[in-house]
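Contents: one structure, followed by commentary.
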There are 2 protein chains.
Amino acid sequence: MPGHPQAEDTEPAEATPLHVRMRGDIVSGALPAGSRLKTQDLARRYDVSINPVREALHQLSGEGFVILSRNRGARVRMLDEAFVRNIFDIRALIEPYLIRLFVGHASREEIARMVAIQEEIEALDGPDQVRLDVLDDAFHQVTYGNHFNSEALAIRERHGQVVHALALRYPASPARRRAQNEEHRRIIAAIAAADENAAAAVVEEHARGAERHLLEQLRRDRANG
Amino acid sequence: MPGHPQAEDTEPAEATPLHVRMRGDIVSGALPAGSRLKTQDLARRYDVSINPVREALHQLSGEGFVILSRNRGARVRMLDEAFVRNIFDIRALIEPYLIRLFVGHASREEIARMVAIQEEIEALDGPDQVRLDVLDDAFHQVTYGNHFNSEALAIRERHGQVVHALALRYPASPARRRAQNEEHRRIIAAIAAADENAAAAVVEEHARGAERHLLEQLRRDRANG
DNA sequence: AGAGTCTTGATTATGTGTAATCCATGTGAG
DNA sequence: CTCACATGGATTACACATAATCAAGACTCT
């Protein structure tokens, strides 16, 4: 008799842990920043019991996405300008650090892969922000993915999710796209030239550029309402 | 009739959340690194039910002190040399960043406070590692405590707990103590001179020195068993 | 009357206990 | 060595008890 169940691809949602789904809803704005998170509402929303909800809330509290106050429940972490500035300040420290290891260790194949990804990015002219994010992730994954410092990678990953969600809400302008492409090209050039300092400088500039863009959009959004 | 209960100071332990107690036991080594964390054992140990234990485990998982694997339970995060190197690499990035804001904003009173704390540190000649840690914390609290970047502060705080626990297990040697004092003096001097770059450099060196010391002790410990 | 304080009730978080199910691992038969 | 099975423990669900918080109304004193 067939022991392996195959009717599961109809419900692959069960595979992703609850706190991951909730985190997605937080960064996507489905659970608005600052809003109250009541266990029973969430239990209904995700069709689970309140026990898993409580555990997910504690997990997200540890990760910093949720603020727990004793006997007063949970609220979604505020994603305001100050928060964006904070995480980009940290990105601007960590990304140059991460790339320094890659420079000098980069193989021909890896550099070729970066070039290929970058060409695909530049070939995209439509407003497919999701595809752009995937490619951008792949690009940086080549440079950071093999770094030994899993702590730093975890921090960058956490912050990256927030940045991703904001990028979805505020797509890059054509001007920003051009700047991004130029920065990517300069990153590749610095790596090919095995110039650590140049690579670190460009990567920092890359992060600062993204920060500037997002802050402008946030401010405009706040001004309009 | 007296409606206000007054027998509460006998049990103030309830005030500290479970995950804080567990975190303390993890960093102090009472719950050894890498060891299995069974919910029922922990429930007995802390005299609570399984639910709070699970919530604490999820919180600590989010903070990175505990590794959860689905249906396989929880283990204490390994505190090996690689981990120490990782977190000190991050400290060496964050601490210079944090202090740069303080330089130039430091008031006379704050500098005087740093000097006073440092004098107290140098007056300590006994092996009172706990007192030393408290004073060292106070010293750096003056410089970092008011920084706007609460994210960076949270990261430093988390890592600081691990460092603290290791420092308890491996007290600073007299040579290291002397180096620490000299570094503190140089930090004060750089701040008094409003020299951002110098302060950042010394702080980074300070972190690297602590890292070197701990790594040596860890290696010696591992060699002996 | 008006300002401040107290009581009360609804809501929700927090903790305990129990049961059912699922999964990973170890064991033993073949 | 391989596979079925047994078992320990995690995971989820549910029911209930306690306790903290908040808001609205009642009450008191000036």
Side-chain angles (χ1 to χ4, degrees), chain A residues 1-23 25-26 31-32 34-63 65-77, chain B residues 1-23 25-26 31-32 34-63 65-77:
Chain A
M1 59 191 75
H4 44 273
Q6 73 249 15
E8 277 167 1
D9 21 23
T10 62
E11 289 181 7
E14 276 201 67
T16 66
L18 180 59
H19 71 266
V20 175
R21 275 192 284 166
M22 287 181 53
R23 189 170 44 202
D25 286 347
I26 287 175
L31 296 174
S35 69
R36 186 121 184 248
L37 295 172
K38 307 185 194 181
T39 55
Q40 304 204 3
D41 293 353
L42 295 171
R44 271 192 299 273
R45 176 189 180 101
Y46 296 102
D47 193 32
V48 291
S49 146
I50 50 176
N51 264 4
V53 169
R54 277 156 51 163
E55 285 153 15
L57 286 176
H58 280 85
Q59 175 90 27
L60 294 174
S61 160
E63 294 178 8
F65 290 99
V66 158
I67 307 292
L68 288 181
S69 353
R70 184 172 177 88
N71 292 324
R72 257 192 290 180
R75 305 188 86 92
V76 178
R77 166 72 191 251
Chain B
M1 56 191 74
H4 44 273
Q6 71 249 15
E8 277 166 2
D9 24 21
T10 62
E11 288 180 8
E14 276 200 68
T16 67
L18 180 58
H19 71 266
V20 174
R21 275 192 285 165
M22 286 181 54
R23 193 198 300 142
D25 287 346
I26 287 175
L31 297 174
S35 69
R36 185 112 188 257
L37 294 173
K38 306 188 193 181
T39 54
Q40 305 202 2
D41 293 353
L42 295 172
R44 271 192 298 275
R45 176 189 181 103
Y46 296 103
D47 193 31
V48 291
S49 147
I50 314 186
N51 242 348
V53 169
R54 287 180 59 82
E55 284 157 14
L57 286 177
H58 279 85
Q59 173 92 26
L60 295 174
S61 160
E63 294 178 7
F65 290 100
V66 158
I67 308 291
L68 288 181
S69 347
R70 184 177 174 86
N71 291 323
R72 256 191 292 182
R75 306 188 85 91
V76 177
R77 165 72 192 250

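Numbered from 1 within each chain, the chains take letters A, B, ... in sequence-line order.
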Exercise for the section: Round to the nearest Å and state the distance from A/L18 atom CG to D/dT12 atom P. Expected result: 8 Å
Exercise for the section: Write down the distance between NZ (A/K38) and P (D/dT21), rounded to a whole number of angstrom. Expected result: 17 Å
Exercise for the section: Could you check how far CZ of B/R54 sits from P of C/dT16, rounded to whole Å? Expected result: 15 Å
Problem - pair B/I26-B/R23: side-chain heavy atoms closer than 4.5 Å - result: no
Exercise for the section: Measure the shortest side-chain to side-chain distance between B/L31 and B/F65 over non-hydrogen atoms and say whether it is less than 4.5 angstrom. Expected result: no
Exercise for the section: To the nearest Å, give me how far apart CG (A/N71) and C1' (D/dT18) are. Expected result: 11 Å
Exercise for the section: Establish whether the base of D/dG9 is bridged to the side chain of B/R36 by a donor-acceptor pair shorter than 3.5 Å. Expected result: no
Practice task
Select base, sugar-phosphate, or nothing to describe what A/L37 touches, counting heavy atoms under 4.0 Å on all strands.
Solution key: sugar-phosphate
Practice task
Give the rounded distance in Å between these two atoms: CD of B/Q59 and C1' of C/dT14.
Solution key: 15 Å
Handout entry: Separation of D/dG9 C1' from B/R44 CZ (nearest whole Å)
Key = 12 Å
Practice task
Name the closest nucleotide to the A/S49 side chain, picking from D/dC14, C/dA24, C/dT16.
Solution key: D/dC14
Fill in the blank from the handout: Atom CG of A/N51 and atom P of C/dG15 are separated, to the nearest Å, by 12 Å
Exercise for the section: Taking atom types as modelled, find out whether A/Q59 and A/E55 have a side-chain donor-acceptor pair closer than 3.5 angstrom. Expected result: no
Exercise for the section: Could you work out which one of C/dT16, D/dA13, C/dC23 sits closest to the side chain of B/P52? Expected result: C/dT16
Handout entry: Whole angstrom value for the distance that separates P of D/dA20 from CG of A/L68
Key = 18 Å
Exercise for the section: Using a 4.5 Å cut-off on heavy atoms from C-beta on, say whether the side chain of A/L42 contacts that of A/L57. Expected result: yes
Completion exercise
Picking from C/dA13, C/dG15, D/dC22, the nucleotide nearest the side-chain atoms of B/E55 would be C/dG15
Practice task
Output the single nucleotide from C/dT16, C/dC23, C/dA24 whose closest atom is nearest the side chain of B/R72.
Solution key: C/dA24
Handout entry: Heavy-atom closest pair, residues A/M22 and A/A56
Key = SD-CB, 3.8 Å
